[in-house]
Trainee: 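Mind having a look at this structure? Questions to follow.
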Amino acid sequence: MTHLKVTMDFINGTLSGFTNGVSVDYTTAKSFKLTGLDGDTIYTYDFIITTEQIGPASVKAMTVNGIATDSVAFVPPATLVPYVKGLTNFSKAEIAFWRQVLEIVLTPPL
């Protein structure tokens, strides 16, 4: 894991802060950003490669129409429920996630 060459491609955004195909030490987290299709929204990710069992991924916090959540609940199989401190119009909500984590598990361990 100290000399892996990783290539990522996104169909729904533009990758920045990451160079494809370059040998890098992935024993520690690497950060990168993805600019959304609107050209303005920037999503920040921590990229982790591990041989350990992990998951599932989690969302620690969200912002809905500028209001930070108190917490975010996961309802299986794939629903996130944000709890906010105030009233907002959810029919036209702008939502941002904080510190999403992208993790890859290599099996079998290297």
Trainee: Would a hydrophobic clustering, with Ile, Leu, Val, Met, Phe, Trp and Tyr connected at side-chain separations under 4.5 Å, put F47 with Y43?
Mentor: yes
Trainee: K30 and T28: side-chain donor and acceptor closer than 3.5 Å?
Mentor: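 There is such a pair between these side chains.
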Trainee: Answer yes if L34 and I42 sit in the same cluster of Ile, Leu, Val, Met, Phe, Trp and Tyr residues linked by side chain heavy atoms under 4.5 Å apart, and no otherwise.
Mentor: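 Different clusters: L34 never reaches I42 through Ile, Leu, Val, Met, Phe, Trp or Tyr contacts under 4.5 Å.
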Trainee: I'd like to know if the side chain of N20 reaches the main chain of M8, judged simply by a donor and an acceptor atom lying under 3.5 Å from each other, with no hydrogens or angles considered.
Mentor: yes
Trainee: Kindly give the heavy-atom pair with the smallest separation between L4 and Y26, and that separation in Å.
Mentor: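 Closest pair (atom of L4, atom of Y26, distance): O-CE1, 3.6 Å.
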Trainee: For F32 and Y45, take the angle between the two ring planes, folded into 0 to 90°, and tell me which bin it lands in: parallel under 30, tilted 30 to 60, perpendicular over 60.
Mentor: parallel
Trainee: Considering non-hydrogen atoms only, spot the tightest contact between T69 and P82 and give its length.
Mentor: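 Taking every non-hydrogen atom into account, CG2-CB, 3.6 Å.
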Trainee: I need the minimum non-hydrogen distance between D46 and S31, along with the two atoms involved.
Mentor: OD1-OG, 2.8 Å
